[in-house]
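Each remark here refers to the structure printed beneath this line.
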Protein chains: 2
Amino acid sequence: MPSDCPARPIDAQAIKVACSNCNLRELCMPVGLSPEELERVDGVVAARIKVKRGSRLFRSGEPFKALFAIRTGFFKTCVAAADGRDQVTGFQMAGEIIGLDGIVSDRHACDAVALEDAEVCVMPFERIGELAREVGALQHHVHRIMSREIVREHGVMLLLGGMRADERLAAFLLNLMQRLHARGFSRSELVLRMTREEIGSYLGLKLETVSRTFSKFAGDGVIEVRQRHLRILDPAALHRIVDQQPGHR
Amino acid sequence: MPSDCPARPIDAQAIKVACSNCNLRELCMPVGLSPEELERVDGVVAARIKVKRGSRLFRSGEPFKALFAIRTGFFKTCVAAADGRDQVTGFQMAGEIIGLDGIVSDRHACDAVALEDAEVCVMPFERIGELAREVGALQHHVHRIMSREIVREHGVMLLLGGMRADERLAAFLLNLMQRLHARGFSRSELVLRMTREEIGSYLGLKLETVSRTFSKFAGDGVIEVRQRHLRILDPAALHRIVDQQPGHR
DNA sequence: CGCGGTGTTGAAAATTGTCAATAATTGTGG
DNA sequence: CCACAATTATTGACAATTTTCAACACCGCG
């Protein structure tokens, strides 16, 4: 299933894969399941796959067979227009689900590229469907995950549609920080997994604009930038930048 | 449930509402259902509601209870940021489903405003869930609808992230035409249901830019513009504009 | 140690936004 | 049905932001 050679399956049983034991459970799985239900839901994970940095978990156009839950690592998803345009549609980290775009046409509609060595749980969509029919909480959970993605994209549209460069980047950083913090990382330090160009693609900006805006933030004492290492010195300032009135359409 | 007074329920039985008889069936409903299944799926529509032009079918923050299928009329959905920013996230027409954003948090995450007098089918989400558990085709259909919305938003991100004004507007027009044509309308003429400002909000442009770009297209003989009445003179030219290489990030 | 990919910065150009004036259209109430 | 008010649309001149092009610096890795 994976597009590139570096991805290789791991026998699920062998490594005792079990959502019920997974420390990402609260992020991936529905809460409030009974022990029996929990055990059954464990069964949706058919395998675990390693994906090397730079390789693709799936590509646009490939047959869609499964959703993927990220266990470790960091991904970007991007769509390519016919004319070669390329747009990063999101960055995904541990506990997040990718592949939802493939359901509608039974083919993936974007590429998922690992930005660092990663490991994902393969959840065959057929199996999810069967189990969701029996476990109501799982059914609702699947709906919630898809709805969440829709709402997330609304937020991106707000960003792309009406914000200026500094507002976009501030919103992006706050979002990243929030998600990282929810996973136990520092509230003030982070290492970017993506290039300036990828950030720019996601935010609808050129890489130079991203770089300049980082420099501006650094000059204002809001953040500290050393290549991909960032330190947030003044989170409140970032919030003020996002909420500033100018630059909306 | 509706936010504004002008929306009033219609007794579903009285007007013999039935998906099985609806001429939008192919757009709304799964295909290949058995007669019995079809009859049961009819049951997801609890009522029909009329929504007057300018009033809201639902608002951000309201409790989410149902999805809505548009029978007639035209809607926009928009999100409002805390600071008063407003972003149109989509335009919806007959046969399309709105409200998906509400599932994740049990509250609507955007406003749905009727841009012309409309009539919608109310489909309580509880009931959809129950029935989806029994009718596999319905379950898959719900997944497909949500996935389709995710993919649609990817397209919008491509548009907002990397296209110039004329490319955005050309893509917008082509998309509208295609959807209208699928509903039996002319392939070359249309009446816009929304203002320049609403188009601009959707496309991440100011209304003046939208107006100017319309004028430019008209000057180039690509379209004819008389206020909201449009005639597409040269669809191929619009395609060429969308596919032109420049202006991507 | 050097090379390729990545990041920074400057100056000029292009695109889009802002402000403002006017026109056209639609809705409303007499 | 008409007239007036309010909304919507068009257009111009100018300003602001972002992009483009280019040069150079910095890692990281073989």
Side-chain angles (χ1 to χ4, degrees), chain A residues 52-54 76 85 88 113 115-117 159-170 172 191-220 223-230 241 244-249, chain B residues 6 52-55 76 85-88 113 115-117 159-170 172 191-220 223-230 241 244-249:
Chain A
K52 273 255 179 303
R53 176 177 155 204
K76 71 170 176 182
R85 260 188 269 255
V88 173
V113 184
L115 297 183
E116 59 180 8
D117 289 0
L159 195 130
L160 292 175
M163 293 187 177
R164 287 200 324 257
D166 58 342
E167 304 173 272
R168 295 185 198 194
L169 193 61
F172 170 72
V191 178
L192 297 174
R193 257 59 238 221
M194 70 295 278
T195 67
R196 302 288 192 261
E197 183 168 23
E198 286 161 337
I199 297 173
S201 172
Y202 182 60
L203 298 179
L205 301 169
K206 291 293 177 189
L207 67 94
E208 294 95 328
T209 307
V210 174
S211 180
R212 269 186 253 274
T213 308
F214 270 132
S215 299
K216 201 194 92 190
F217 286 172
D220 295 347
I223 64 176
E224 229 175 76
V225 186
R226 264 195 358 267
Q227 299 290 129
R228 298 197 182 180
H229 294 257
L230 297 192
I241 290 168
Q244 78 196 198
Q245 279 294 70
H248 62 300
R249 332 200 167 194
Chain B
K52 273 253 180 300
R53 177 179 151 198
S55 71
K76 70 169 176 182
R85 262 187 266 253
D86 201 71
Q87 169 78 29
V88 173
V113 183
L115 296 182
E116 60 181 6
D117 290 359
L159 195 131
L160 292 174
M163 293 188 178
R164 287 201 324 261
D166 58 341
E167 304 174 90
R168 295 185 198 193
L169 193 61
F172 170 72
V191 178
L192 297 173
R193 256 59 235 220
M194 70 295 279
T195 66
R196 302 288 191 264
E197 183 168 22
E198 286 161 337
I199 297 173
S201 172
Y202 182 61
L203 297 180
L205 301 169
K206 291 292 176 187
L207 67 95
E208 294 95 330
T209 305
V210 174
S211 183
R212 268 187 254 272
T213 308
F214 270 132
S215 299
K216 201 194 94 192
F217 286 172
D220 295 347
I223 64 176
E224 230 175 75
V225 186
R226 262 197 358 270
Q227 298 291 130
R228 298 196 184 180
H229 295 258
L230 297 192
I241 290 168
Q244 76 195 200
Q245 279 294 69
H248 61 298
R249 329 198 169 198

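Chain naming here is simple, since letters A, B, ... match the order of the sequence lines and numbering starts at 1 in each.
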(request) Nearest whole angstrom, please: distance from the C1' of C/dT16 to the CZ of A/Arg164. (result) 13 Å

(request) May I have the distance from B/Leu205 (atom CG) to C/dT16 (atom P), rounded to whole angstrom? (result) 7 Å

(request) Ignoring hydrogens and angles, tell me if any N or O in the side chain of A/Ser215 forms a donor-acceptor pair with the backbone of A/Ser211 under 3.5 Å. (result) yes

(request) Using whole Å, report how far CZ of B/Arg196 lies from C1' of C/dG17. (result) 18 Å

(request) Could you tell me whether a side-chain N or O of B/Arg168 sits under 3.5 Å from a main-chain N or O of B/Met163, the two making a donor and an acceptor? (result) yes

(request) Taking B/Thr213 for its side chain and B/Thr209 for its backbone only, find out whether a donor-acceptor pair lies under 3.5 Å. (result) yes

(request) Starting at atom CZ of A/Arg212, determine the distance to atom P of C/dA11, rounded to an integer number of angstrom. (result) 11 Å

(message) Strictly below 4.0 Å: does A/Thr209 bring a side-chain N or O up to OP1 or OP2 of D/dT19?
(response) yes

(request) Rounded off to whole Å, could you give me the CG-to-C1' distance for the A/Leu207 and C/dG5 pair? (result) 12 Å

(request) Classify the nucleic acid contact of B/Ser211 as base, sugar-phosphate or nothing, counting any heavy atom under 4.0 Å across all strands shown. (result) base

(request) Would you mind telling me which residue lines up with the more 5' stretch of DNA chain C, B/Arg53 or B/Asp166, judged by nearest nucleotide? (result) B/Asp166

(request) Answer yes or no: is there a donor N or O on one side and an acceptor on the other, between the side chain of B/Glu224 and the main chain of B/Ala218, under 3.5 Å? (result) no

(message) Expressed as a whole number of angstroms, how long is the span from B/Lys206:NZ to D/dA16:C1'?
(response) 13 Å

(request) Quickly work out the B/Phe214 CZ to D/dT8 C1' distance and round it to whole Å. (result) 13 Å

(message) Categorize B/Ser215 for me: base, sugar-phosphate, or nothing, with a 4.0 angstrom heavy-atom threshold over every strand shown.
(response) sugar-phosphate

(request) Have a look at A/Arg228 and say if it touches a base, only the backbone sugar-phosphate, or nothing, with a 4.0 Å heavy-atom cut-off. (result) sugar-phosphate

(message) Whole angstroms only, please: what is the CD-P distance between A/Glu208 and C/dT9?
(response) 13 Å

